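On a predicted model such as this, the values are computed, not experimentally measured, just so you know. Residue numbering restarts at 1 for every chain, and letters A, B, ... go by the order of the sequence lines.
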There are 2 protein chains.
Amino acid sequence: MGTGTPATETTMTSTRPTTRNTWQRAAVRDLLENSAEFRTAQQIHDLLKEHGAKIGLATVYRALQAMSEAGEVDVLRTVDGEATYRHCSSGHHHHLVCRSCGYSVEIAARPVEEWANEVAAANGFTDVGHEVEMFGLCAECSKR
Amino acid sequence: MGTGTPATETTMTSTRPTTRNTWQRAAVRDLLENSAEFRTAQQIHDLLKEHGAKIGLATVYRALQAMSEAGEVDVLRTVDGEATYRHCSSGHHHHLVCRSCGYSVEIAARPVEEWANEVAAANGFTDVGHEVEMFGLCAECSKR
DNA sequence: AGCTGCATGAGAATCATTATCATTATGTGG
DNA sequence: CCACATAATGATAATGATTCTCATGCAGCT
Ligand SMILES: [Zn+2]
Ligand SMILES: [Zn+2]
Ligand SMILES: [Zn+2]
Ligand SMILES: [Zn+2]
């Protein structure tokens, strides 16, 4: 996987990622950083509006896209294909998600990582990645 | 949630799922059983038409939906949320999929199953299931 | 303050999937 | 073999999420 490098060089002044700081993106980021649940773009949009933010839906989508490309958020698909986003710690990890309330826990899976690589190699595959997600009922939701 | 139970009882004769055998469904089933790749509904539709079958796209979707509910095929989502289908052996298993040609291999993961259960229990989760899929380049596609 | 260009927002446009609904044909029973 | 009840089909409209368009706005810099 290559790293996207914007090549907008004019002279030799600034080589910044040319990404601007708008309150809209900050709002999306803040909301995600204060939630332990996976949410859809539309849910996020609704929540922001409830908080009085006058932000467009397209902007939310763009912010989420940018953040996911930057590795700031993880994306999961619901059974019917909807994308859900959650702020996540950097680095490789997986999730244990409550299928009732959306609460999720990040989990490391050292043994699985190795197993995955072995299986891949044994089948002649290269450049292999994997997706491991677990769904269940959290302790809270189990008490019902 | 909940299990859909067709309640079309007339007298007390047959409680069959009242599912009819049409050549269209047979065609979809046949095509899938002769392929080791995950395909989208539209790809399947195209392939069928190329084979001279005069079948509607909606019918393909319905056939796939029925088959997946019956556990005859597995469904995977591409990164952009498209559903792909493949005929699969019955029983729990996972996949190693080529992200270039779609070729895939079924894999058992005994160790992973146990690991998953442990992690789930350790976090107080119940009724836990998991999704484990691996994506890479198959031996063939790697030679390029 | 003045510029430049990415970002925003409202709505149109896509695209996959589902719903309609009139028509066809499967499975059954006579 | 024929008639019937009805699930299945197919052409098309509808839905819903995500992306694109483009005129206007604003962040970053001089
Ligand atoms: Zn919960
Ligand atoms: Zn991993
Ligand atoms: Zn391949
Ligand atoms: Zn498993």
J.: So, does A/Arg25 get its side chain near the phosphate of C/dA7, meaning an N or O under 4.0 Å from OP1 or OP2?
T.: yes
J.: Check whether A/Leu32 and A/Val105 end up in the same hydrophobic cluster, where Ile, Leu, Val, Met, Phe, Trp and Tyr are linked by side-chain heavy atoms less than 4.5 Å apart.
T.: no
J.: Quick check: are there more than 12 heavy atoms from other residues, nucleotides or ligands sitting under 6.0 Å from CD of B/Glu33?
T.: yes
J.: Can we call the ring centroids of B/His94 and A/His130 under 6.0 Å apart?
T.: no
J.: Does one side chain, of B/Ser104 or B/Glu37, offer a donor that lies under 3.5 Å from an acceptor on the other?
T.: no
J.: Does a side-chain N or O of A/Gln24 approach OP1 or OP2 of D/dC26 to a distance below 4.0 Å, or not?
T.: no
J.: In whole angstrom, what separates A/Arg29's CZ from C/dA7's P?
T.: 13 Å
J.: side-chain contact (heavy atoms from CB on, under 4.5 Å) for B/Arg39 and B/Ile44? Distances and angles first, verdict last.
T.: CA-CA 6 Å; B/Arg39 327 221 93 124; B/Ile44 294 173; 3.8 Å; yes
J.: Can you identify which nucleotide, out of D/dT9, C/dT4, D/dG10, has its nearest atom closest to the B/Trp23 side chain?
T.: D/dG10
J.: Is the distance from OP1 or OP2 of C/dG27 to the nearest side-chain N or O of B/Thr18 less than 4.0 Å?
T.: no
J.: Once you round it to whole Å, what is the distance between C1' of C/dA16 and CZ of B/Arg39?
T.: 18 Å
J.: Once you build an axis from the first five pairs and another from the last five of the helix from C/dA1-D/dT30 to C/dG30-D/dC1, how far apart in angle are they, to 10 degrees?
T.: 30°
J.: In this structure, how many angstroms lie between the C1' atom of D/dT6 and the CG atom of B/Asn21, rounded?
T.: 15 Å
J.: Does B/Glu72 come within less than 4.0 Å of B/Arg86, counting only side-chain N to carboxylate O?
T.: no
J.: Return whichever of B/Arg20 or B/Thr84 has its heavy-atom-nearest nucleotide of DNA chain C closer to the 5' end.
T.: B/Thr84
J.: Figure out the CD1/C1' separation between B/Ile44 and C/dT17, and round it to whole Å.
T.: 14 Å
J.: Give the rounded distance in Å between these two atoms: CD of B/Gln43 and P of C/dC15.
T.: 15 Å
J.: I need the CG-P distance between B/Asp80 and D/dG16, as an integer number of Å.
T.: 21 Å
J.: Heavy atom of residues 50-78 of chain B under 4.0 Å from DNA chain C: which residues?
T.: B/Ala58, B/Tyr61, B/Arg62
J.: Over how many whole Å does the gap from A/His45 atom NE2 to C/dT8 atom P extend?
T.: 12 Å
J.: Which of these nucleotides, D/dG28, C/dT8, D/dA7, is closest to any side-chain atom of A/Thr22?
T.: C/dT8
J.: Do A/Tyr61 and A/His45 make the cut of ring centroids closer than 6.0 angstrom?
T.: no
J.: Side chains of A/Thr126 and B/Ser142: is there a donor and an acceptor less than 3.5 Å apart?
T.: yes
J.: Show the numbers, then the answer: is there a side-chain contact (heavy atoms from CB on, under 4.5 Å) between A/Met134 and B/Val119?
T.: CA-CA 9 Å; A/Met134 292 184 274; B/Val119 173; 3.8 Å; yes
J.: Report yes if at least one side-chain N or O of B/Gln42 is closer than 4.0 Å to OP1 or OP2 of C/dA16; otherwise report no.
T.: yes
